[in-house]
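Here's the structure, in structure tokens; my notes come after.
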2 protein chains.
Amino acid sequence: MATTREAILEAALRGFGKKGYDATGIREIAAGAGSNVASISYHFGGKEGLRAACAEHIVKLMGTVLASGRSEEPPLATPEAAEATLAALVRSLVRFLLLDPDGALVAGFMMREMAQPSTALDTIYEGLFEGAHARVCAIWSAVTGQPADAEAVRLAVFATIGQILYFHIARPVVNRRMEWPAIGEAEAAAITDTILRNLHARLAADRDQAS
Amino acid sequence: MATTREAILEAALRGFGKKGYDATGIREIAAGAGSNVASISYHFGGKEGLRAACAEHIVKLMGTVLASGRSEEPPLATPEAAEATLAALVRSLVRFLLLDPDGALVAGFMMREMAQPSTALDTIYEGLFEGAHARVCAIWSAVTGQPADAEAVRLAVFATIGQILYFHIARPVVNRRMEWPAIGEAEAAAITDTILRNLHARLAADRDQAS
DNA sequence: GTCTATAAACAGATAGAC
DNA sequence: GTCTATCTGTTTATAGAC
């Protein structure tokens with residue numbers, strides 16, 4: 001059962017994620033939720049409150065997504081096992097962002113918040129980015145032997161995440177240049193392959209340097 | 001000497017690049033250009049025409065930027081020379097996007113067009129992206145020996161560009177996680193270092209595979 | 001070409017009936 | 001809780017004086 005509040009929240013994320021906060025009117029959101037304009041002020045105290053609620057919704061949603069992906073306690077005992085865990089993370093993040101419709105909406109919301117930060121970005125940073133980035137740094141450390149909090153490690157993790165997110169952001173340009181009608185399973189696999197080649201090559205170089 | 005038309009164009013790019021098309025009013029643009037609302041309709045036929053003119057302006061601007069960077073005919077005779085050319089491109093693109101105020105505006109405009117494509121994206125794709133991407137693919141090919149139009153090469157070039165652009169897009173998140181007050185020369189150098197490490201590691205792997 | 005004044009449509013917020 | 005009608009301010013576009 002979907003309450004009116006939940007329906008509004010989903011319609012808002014759909015609008016904000018696809019067209020952006022400013023370009024999405026509260027009438028449009030209310031209509032998409034099968035409700036009316038006044039219900040937004042009633043449930044969220046206004047459009048800004050709706051943006052804040054979207055951020056909290058994303059933190060909870062991604063928390064469960066990431067938790068499910070981490071259900072089978074990832075083995076970090078050996079560098080090889082840690083590298084496999086890292087590769088699995090890349091695979092699932094590419095799939096989520098490029099193949100799951102919810103992934104595109106969540107990413108759209110986050111990207112626009114980064115371009116024009118509001119308090120919603122603070123919510124997402126503290127509730128999601130900070131912990132997730134630190135966790136990936138720890139796995140990276142288990143592969144290369146570098147300290148998890150080293151500047152080079154933190155930047156390398158950002159660079160890897162950046163490759164994945166860029167294929168989402170630049171989708172219209174990528175599709176055109178690759179002559180792809182759309183990104184499906186086969187295209188996502190090709191993208192994953194390129195990112196994993198970069199990842200493995202870099203990890204090998206970092207490991208060599210550490211020895 | 002700056003004509004009114006040019007002043008409006010620059011004020012528009014400033015607004016569109018920083019806050020986005022929808023969030024930037026034509027009054028605000030006119031005021032920033034020291035003019036009035038009616039002058040926008042007079043010179044550009046309306047707000048949409050101004051967006052299209054911004055796209056053409058960006059194509060011309062980036063054309064001269066890229067041409068100046070390519071003034072000393074890049075040597076591609078040997079794989080090593082081609083790799084150095086590729087590294088130089090990464091260096092100058094990082095500097096432009098992270099240190100040059102114009103770079104942030106141009107990138108902001110392009111990123112928002114990708115998230116919400118209009119005909120302005122077509123203008124930028126055909127006038128800039130397509131040719132630039134193909135040129136980088138050719139250099140990549142000179143390094144690794146792979147065909148310049150191979151799917152793997154085109155994707156690898158996108159992944160490299162993605163790393164650079166992501167450090168611009170995610171700047172607020174990166175700064176917070178890296179505990180950087182802002183991105184200056186030192187921070188840009190650290191970012192360049194990470195991206196070049198990824199690039200060289202991947203190129204080496206591709207070259208080994210080709211042999 | 002430049003500007004002021006205004007038109008017409010839109011936004012978000014809210015009062016009040018149910 | 002839900003909805004309609006309305007208030008208030010802002011948007012883009014434009015008419016018309018200079």
Side-chain angles (χ1 to χ4, degrees), chain A residues 1-57 105 108-109 112-113 115-121 123, chain B residues 1-57 105 108-109 112-113 115-121 123:
Chain A
M1 169 209 131
T3 66
T4 300
R5 200 192 127 94
E6 286 163 352
I8 292 171
L9 204 49
E10 281 166 27
L13 184 56
R14 210 151 49 227
F16 295 163
K18 193 170 182 183
K19 309 199 314 175
Y21 180 78
D22 294 296
T24 307
I26 56 171
R27 284 171 162 79
E28 184 186 346
I29 294 170
S35 187
N36 58 86
V37 272
S39 65
I40 289 174
S41 286
Y42 177 80
H43 285 287
F44 301 95
K47 198 186 180 185
E48 271 303 324
L50 188 47
R51 161 143 69 175
C54 276
E56 291 166 21
H57 180 245
L105 294 181
F109 186 91
R112 290 170 198 276
E113 279 295 323
Q116 194 70 12
S118 75
T119 58
L121 184 60
T123 302
Chain B
M1 167 211 134
T3 66
T4 300
R5 200 192 127 94
E6 287 163 351
I8 293 172
L9 205 48
E10 281 166 27
L13 185 55
R14 212 151 49 226
F16 294 164
K18 192 168 181 184
K19 308 198 317 176
Y21 180 79
D22 294 295
T24 308
I26 56 171
R27 276 159 221 287
E28 183 185 347
I29 294 170
S35 186
N36 59 84
V37 274
S39 65
I40 288 174
S41 286
Y42 177 79
H43 285 287
F44 301 95
K47 196 186 180 185
E48 271 303 323
L50 189 48
R51 160 144 68 175
C54 276
E56 290 165 21
H57 180 246
L105 293 182
F109 185 91
R112 290 171 199 277
E113 279 295 323
Q116 194 71 12
S118 75
T119 58
L121 184 60
T123 302

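Here is how names work: the chains are called A, B, and so on, in the same order as the sequence lines, proteins then strands, and each is numbered from 1.
With rounding to the nearest 0.5 angstrom, the CZ atom of A/Arg51 is 6.5 Å from the CZ atom of A/Phe109. Put simply, CD1 on A/Ile8 and CG on A/Leu13 are 14.0 Å apart, with the number rounded to the nearest 0.5 Å. One distance of note links CZ of B/Arg112 with CD of A/Gln116; it measures 5.5 Å at 0.5 Å rounding. With rounding to the nearest 0.5 angstrom, the CD1 atom of B/Ile29 is 5.0 Å from the CG atom of B/Leu50. To the nearest 0.5 Å, atoms CD (B/Glu10) and SG (B/Cys54) are separated by 10.0 Å.
When rounded to the nearest whole Å, the span between CZ of B/Arg5 and P of C/dT2 equals 12 Å. If you take CG of B/Asn36 and P of C/dT2, they are 8 Å apart, rounded to a whole angstrom. A straight line from CZ of A/Phe44 to C1' of D/dG1 spans 14 Å, rounded to a whole angstrom.
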What pattern of brackets, bars and dots sums up DNA chain C from 5' to 3', given Watson-Crick or G-U wobble pairs under 3.5 Å, [ ] for crossing pairs and | for another strand? ||||||||||.|||||||
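For the side-chain contact (heavy atoms from CB on, under 4.5 Å) with A/Glu113, the lone residue among A/Leu121, A/Thr123, A/Thr119 that qualifies is A/Leu121.
For B/Arg14, there are no side-chain hydrogen bond (donor to acceptor under 3.5 Å, both in side chains) partners at least two apart in sequence or on another chain.
Between A/Thr4 and D/dG1 there is no side-chain N or O to OP1 or OP2 distance below 4.0 Å.
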Can you build the contact string for nucleotides 5-18 of chain C? Use B for base contact, S for sugar-phosphate-only contact, and - for no protein heavy atom under 4.0 Å. B-----BBBBB---
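Under a 3.5 Å cut-off, the side chain of B/Ser39 and the backbone N or O of B/Asn36 do form a donor-acceptor pair.
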